[in-house]
Amino acid sequence: MNDLLRMYELMAVIRRTEKAAYDLFMAGLVKGTTHLASGQEAVAVGASEALRDDDYTFATYRGHHHTIARGATPEACLAELMSKATGLCGGKGGSMHLTYAAGNMLGSYAIVGSHLPMAVGAAWSAQLRGSEQIAVAFFGDGATNIGAFHEALNLAAVWKLPVVFVCENNLYMEYTPIASVTAVANPAADRACAYNLPASIVDGNDVLVVRSAVREAAARARDGGGPTVLEMQTYRHFGHSRTDPATYRPSWEVEEWLSRDPLTIAAAQLSKEDVAAADARAEKVVAEAVEAAKAAPPAEGALTDVWADGSSTWRT
Amino acid sequence: MNDLLRMYELMAVIRRTEKAAYDLFMAGLVKGTTHLASGQEAVAVGASEALRDDDYTFATYRGHHHTIARGATPEACLAELMSKATGLCGGKGGSMHLTYAAGNMLGSYAIVGSHLPMAVGAAWSAQLRGSEQIAVAFFGDGATNIGAFHEALNLAAVWKLPVVFVCENNLYMEYTPIASVTAVANPAADRACAYNLPASIVDGNDVLVVRSAVREAAARARDGGGPTVLEMQTYRHFGHSRTDPATYRPSWEVEEWLSRDPLTIAAAQLSKEDVAAADARAEKVVAEAVEAAKAAPPAEGALTDVWADGSSTWRT
Amino acid sequence: MADMTYREAVAEGIAREMRLDPTVVCLGEDIGAAEGVFKTTVGLFKEFGPTRVWDTPISEQAIVGAAMGAAMTGLRPVAEIMFSDFLACCWDYLANEIPKVRYMTGGQVTVPLVVRTANGGGLGFGAQHSQAVENWAFTVPGLKIAAPSTPADVIGLLAAAIRSDDPVVVFEHKGLFASRGPAPPAGHVVPLGQASIARQGRDVTLVALASTVPIALQAAETLAADGIEAEVIDLRCLVPLDMRTVLESLARTSRLVVVEENPYQGGWGATVVSIVADEGFELLDAPIRRVAGECVPLPFADSLEAQVIPTAARVIDVVGQLAAY
Amino acid sequence: MADMTYREAVAEGIAREMRLDPTVVCLGEDIGAAEGVFKTTVGLFKEFGPTRVWDTPISEQAIVGAAMGAAMTGLRPVAEIMFSDFLACCWDYLANEIPKVRYMTGGQVTVPLVVRTANGGGLGFGAQHSQAVENWAFTVPGLKIAAPSTPADVIGLLAAAIRSDDPVVVFEHKGLFASRGPAPPAGHVVPLGQASIARQGRDVTLVALASTVPIALQAAETLAADGIEAEVIDLRCLVPLDMRTVLESLARTSRLVVVEENPYQGGWGATVVSIVADEGFELLDAPIRRVAGECVPLPFADSLEAQVIPTAARVIDVVGQLAAY
Ligand SMILES: Cc1ncc(C[n+]2csc(CCOP(=O)(O)OP(=O)(O)O)c2C)c(N)n1
Ligand SMILES: Cc1ncc(C[n+]2csc(CCOP(=O)(O)OP(=O)(O)O)c2C)c(N)n1
Ligand SMILES: [Mg+2]
Ligand SMILES: [Mg+2]
């Protein structure tokens, strides 16, 4: 299968997994909250294609796409959302904390910006161990205004660490436009100057463009050239989270971006037959995942997994 | 008296007050720790001269110069250092927390960077009250790498607040050169790009140069032009704090900077007689301050001043 | 009196003070045009406009730090930290700056500000959006702490907090936002530091706060059917802490159970117990028990979360043991 | 055995582990060439060089956050936060990230890191450099907490902390840096969670930690002259908390005083007391007392500071009251 078709299919799987998550929410089978990444699949898939399997990635509460792109199954993700024992995190993490350590996807973090220093630390570790791994932090436009962003970029630059900072600029924080609270036009790329780092602004909805941008940054990182800031321009199709109808977005804007759907853009470069076949495979994988997740046993172990020995004992 | 002479005299008072603090420390009459600003007097005095009396200033644990420059007496400062009831903060603050609210010097803060957001808030308050006051935050080079710096500058820029960020770049944090841990050459000025703010690099040892740079920035702030970043190049004559012999600094560097002593630079533009007279007055003021502070009663009230009603009662 | 939700009471409580005092201003993430992610600032932006209600970047330190600077210079800011877990992102201001500046300046500076935040679990938001962290604030001398359990108390305590010249952290409980209660009359103020007796009883004292007040009341109803009359004290505030009301109740009941959502280790209930074990020792007829959060992070799955936060069933169980003592 | 200072023990304890395990790396402000502002990293940079001992910018979040990322990927970082007050600047990592990631990933990720920090008062450093904040960490399930009182324990607990696969916060007490004690032999390890009985006695149990251990011992000496034999328990760790040793001692003495430097409100001693007031209720012959920090910020003036942190005199006074009970 050619690269683009493979990437298309992965995006199709992510899209359908999130659609399933939404439907399961409406059916009362997913609780809490979810933040769909629909519309932003190309960032995750293009980036993952550019990485080695042993490279580290860190994501946010909006991390379904990154988790699946690094190899987690739709079933394990959906089972997590459905509070099942077979979920990625055994039902203890939920949508906001999807983690697939077996694929070096080292977690989804729900405190904005908190994972940027962690990615820096993973890159530092790789450098010290001489493993030639790199680390990638994915974060939103809103994260560029929090202190941890600044500290992370400076430290990474000073230590010339193999880390790539990938901002998914989808124009909004929760309900407020990033432009209204940020002193520069491109919240990530226009900050790179403060750390003497290379930056580029990337079409985040074209999976091939994403892949080549991340490839270049990853190569620089691996070659000892230090960190890069990539600002991916993209858009979320839905509201910030389950409860958000996103009425604050002008309909022309939504339409414009829907017309630039990453799946459509990729599909346009593939044959109709290939796309249809990939869609069918994706459909099947996700449908089976939903059934398997539904059938799985419920989460258990509220008092396990605090300590490395598996317990939560804090006193004698 | 001409401006420069007045400023010279104020610097001379500061210099001698700190010398007295040092001597009192050695005599066992000052406890805890002190961070001398000797060598950096021009920043405080030049800036204060450029401000209105009702403008707000915020400083760091290295804040003797800023406190006196805003009008606090050497006696009240030394009494504070000597744990006296007549100290600026009644002996509860100490060297690191000198505050002279009557002069709108709203405090010395000992958590690096913490006061930058406070200054932003004071500027916001001034803007909302339509008072045409401005706020100034003085901070070290080391503070430019902490998260609060980033958050403060962005918020100030977005809200176009009347605040001036004055970095006193003295080349070192505690014992480590700022250059070794910062991704840009000018830790404050080279960060202004990330907030779309004007910045300049200023000779921080020439009090007239400092004054005109702050005047310009203050005028911009007062006129609705928003924040400015000023990076003052300066040097501390002594170690970071009482216990630091500062052996990490090459002697050529120390000598070079000692030859650029702000008092020497100002004196060179004044008559010998004027300087001698000013020195004598400064000498006398500080000598009297030392005696008065020594004679003052000891601090009291360990359990007062927590709440606005003066008490510290937290339960019935 | 008409009923209102706890959520509505937050916006109403702020609005009442904003109408009275032009120096009251609000700032926080998505609180303006979006009216708050919990809809607790509905109507404020419309009524008071962008010079009184400010949307901020995601910059918790700048939010609370700027509120502090503004409070030092003539305003009464009401800062929102969206989820109380995020207090950790600006903890320096809560722990080291705001509560200390008055003391360390020898009384030169006061900081009349309010930090409001949505606290607590029970909604399946997982480890980083569900914590009850009122005990974090309780470790810091110099902060007043309110945590209302009813819409009327929300309004009354917000009034007292906003009018206070001291810094106050107001913990609004996420699990209570949808709950209803009578709307209080105009001018309603609940002074900081006065507990209320939410239910009278002679057999055991249940000390509760915010979310655990309805839990304790529910337990008390069930216990009453078994002939055990529990007195339920709603502390309303942790600082000032109304120990007089607790000790007076204990003088009547001789038995104490503290019901708190924060984890057992380092929970505020421990301080309440330690005061009782000292000053109320002779009043006690039985061991003191705490029903608190388990000492684990909050799990996502609802079935797991229910096992780690206090429930009426656990309270009933513990009271039953004490009654049998 | 030769004597060493507590300060020297810190550097020695780290060095011993660095020699054994090449994945142990240090990072922090001024810890390298400058050898630490408290001289607690003397010799490390010289022996292990710049790839094992890293000077950082003033970026507490990046320090601890990077340590976390490194710990997740094969290293055992030892991060220094210069003064424990500054933990507030990276509290998100201590409270929300490090202690939760193992749990919230269902055990996929472990975080074997140590955060070391200089804690406590008594040196006239004022409100923002003097706090005893071990109780902050105690509010967070998922952190282990050590706080040694002797040079030997510094080395033994650092060894256990660095080898632990769980995150450990080690509170080194500023007031103890200059104190001396025997140097422990090679291979000395003090397991986390085992209290030591620093002095035996039959009349009253004094529970202490770090700086309050010498205070309690000093009080015990004076009390002995009056015929009161105090047993002094050095908890060594807050998590795991060795309540068995406390309860066993109480079974012998029937009286308990907790001596802690952190403020009374929200102090760790309250949790110790609350466990005793529950599980040890029948052992008690008298009220339980806590000698703790006053609920105020730390004042600069030494005469004032001495009034707000625990002293042997206060312990003696309180024990005297209990003995007379
Ligand atoms: C420190 C912190 N502050 C606030 C929040 C609440 N919050 C969650 S998502 C979000 C918006 C984030 O926007 P952005 O970074 O652009 O990411 P996006 O949701 O668009 O992917 C906010 C404010 C949080 N989780 N953490
Ligand atoms: C958040 C924080 N981290 C560390 C420290 C310890 N510390 C005090 S002063 C200092 C160096 C500050 O350097 P700089 O900002 O350049 O100011 P200078 O001392 O040179 O005036 C450090 C690291 C602190 N006070 N606060
Ligand atoms: Mg966004
Ligand atoms: Mg400096």
Side-chain angles (χ1 to χ4, degrees), chain A residues 56 58 80 87-94 96-102 104 106-107 109-111 113-129 131 133 135 147-148 150-156 158-159 161 299 301 304-310 312-316, chain D residues 22-23 25 27 51-52 54 56-75 77 89-90 92-93 96-97 99-113 141-142 144 164-166 193-195 238-247 271 275:
Chain A
Y56 300 115
F58 293 81
E80 183 65 24
L88 271 180
C89 308
K92 286 202 182 90
M96 295 209 278
H97 300 304
L98 292 184
T99 302
Y100 183 57
N104 289 305
L106 290 184
Y109 297 86
I111 310 284
S114 65
H115 58 304
L116 275 71
M118 296 177 209
V120 170
W124 178 52
S125 156
Q127 189 188 69
L128 287 178
R129 289 182 286 106
S131 67
Q133 294 161 287
H150 176 66
E151 297 192 10
L153 267 70
N154 183 62
L155 189 67
V158 171
W159 289 358
L161 296 175
T304 62
D305 288 331
V306 173
W307 308 121
D309 71 4
S312 64
T313 311
W314 65 279
R315 52 161 290 211
T316 58
Chain D
T23 68
V25 292
L27 74 168
T51 59
R52 305 273 308 271
W54 292 71
T56 67
I58 306 175
S59 304
E60 275 74 10
Q61 297 194 75
I63 293 170
V64 180
M68 179 179 174
M72 292 163 79
T73 55
L75 298 185
C89 298
C90 51
D92 178 45
Y93 293 91
N96 291 332
E97 316 295 341
K100 294 182 169 48
V101 71
R102 186 168 204 289
Y103 186 86
M104 76 191 193
T105 63
Q108 291 182 68
V109 172
T110 55
V111 191
L113 63 78
K144 292 190 168 168
S164 167
D165 287 333
D166 295 312
Q194 292 190 4
L238 291 180
V239 177
L241 181 66
D242 186 0
M243 285 304 300
R244 189 182 306 137
T245 297
V246 174
L247 290 164
T271 297
I275 294 171

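Reminder, nothing fancy here: chain letters follow the sequence lines and each chain counts from 1.
- Interface remark: D:Lys144 contributes backbone and side-chain atoms alike to the contact with chain A (heavy atom separation under 4.5 Å).
- Heavy atoms closer than 4.5 Å to chain D are found in the side chain of A:Gln127, but not in its backbone.
- For a residue to count as touching a neighbouring chain, one of its non-hydrogen atoms must lie under 4.5 Å from one of that chain's; by this rule A:Thr304 touches chain D with the backbone only.
- With a 4.5 Å cut-off on non-hydrogen atoms, A:Asn104 does not touch chain D at all.
- Looking at A:Leu128, the atoms closer than 4.5 Å to chain D (heavy atoms on both sides) all sit in the side chain, from C-beta outward.
- Nearest approach of D:Tyr93 to A:Ala148, heavy atoms of both residues: OH-CB, 3.9 Å.
- Counting only heavy atoms from C-beta outward, the side chains of A:Leu155 and D:Ser59 never approach each other to under 4.5 Å.
- One distance of note links CD of D:Glu97 with NE2 of A:His115; it measures 10.0 Å at 0.5 Å rounding.
- Residue D:Asn96 touches chain A through its side chain alone, counting heavy-atom pairs closer than 4.5 Å.
- Checked against ring-ring contact (aromatic ring centres under 6.0 Å, His included), D:Trp54 has the following partners two or more places apart in sequence or in another chain: A:Trp124, A:Trp159.
- Taking 4.5 Å as the limit, some side-chain heavy atom of D:Pro57 sits within range of a side-chain heavy atom of A:Asn154.
- Of all heavy-atom pairs spanning D:Ala62 and A:Pro117, the tightest one is CA-CB, 4.0 Å.
- For chain A, the option among D:Thr51, D:Val25, D:Val64, D:Asp92 with the highest count of heavy-atom pairs below 4.5 Å is D:Asp92.
- Of the two parts of D:Asp165, the backbone and the side chain both hold a non-hydrogen atom closer than 4.5 Å to a non-hydrogen atom of chain A.
- The backbone N or O of D:Leu75 sits nowhere less than 3.5 Å from a side-chain atom of A:Ser125 that would complete a donor-acceptor pair.
- Counting heavy-atom pairs closer than 4.5 Å to chain D, the top residue among A:Tyr109, A:Trp314, A:Trp307 is A:Trp307.
- A donor-acceptor pair under 3.5 Å is formed between the side chain of A:Arg129 and the backbone N or O of D:Thr73.
- Residue A:Ala119 does not touch chain D at all, counting heavy-atom pairs closer than 4.5 Å.
- At a 4.5 Å heavy-atom cutoff, the contact between D:Met243 and chain A is made by backbone and side-chain atoms alike.
- Between chain A and the residues D:Asp166, D:Leu247, D:Ile275, the most heavy-atom pairs under 4.5 angstrom are made by D:Asp166.
- To the nearest 0.5 angstrom, A:Met118 atom CE is 6.5 Å from D:Met72 atom CE.
- Taking chain A as the reference chain and counting heavy-atom pairs below 4.5 Å, the highest number among D:Val239, D:Ile58, D:Val246, D:Thr245 is found for D:Val239.
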Under 3.5 Å, which donor-acceptor pairs do the side chains of residues 103-113 of chain D form with other protein atoms, sequence neighbours left out?
| unit_1 | atom_1 | unit_2 | atom_2 | d |
| --- | --- | --- | --- | --- |
| D:Tyr103 | OH | A:Ala302 | O | 2.6 |
| D:Thr105 | OG1 | D:Val101 | O | 2.8 |
| D:Thr105 | OG1 | D:Arg102 | O | 3.2 |
| D:Thr105 | OG1 | D:Gln108 | N | 3.2 |
| D:Thr105 | OG1 | D:Val109 | N | 3.4 |
| D:Gln108 | OE1 | A:Ala101 | N | 2.8 |
| D:Gln108 | NE2 | A:Leu88 | O | 3.0 |
| D:Gln108 | NE2 | A:Thr99 | O | 2.9 |
| D:Gln108 | NE2 | D:Thr105 | O | 3.2 |

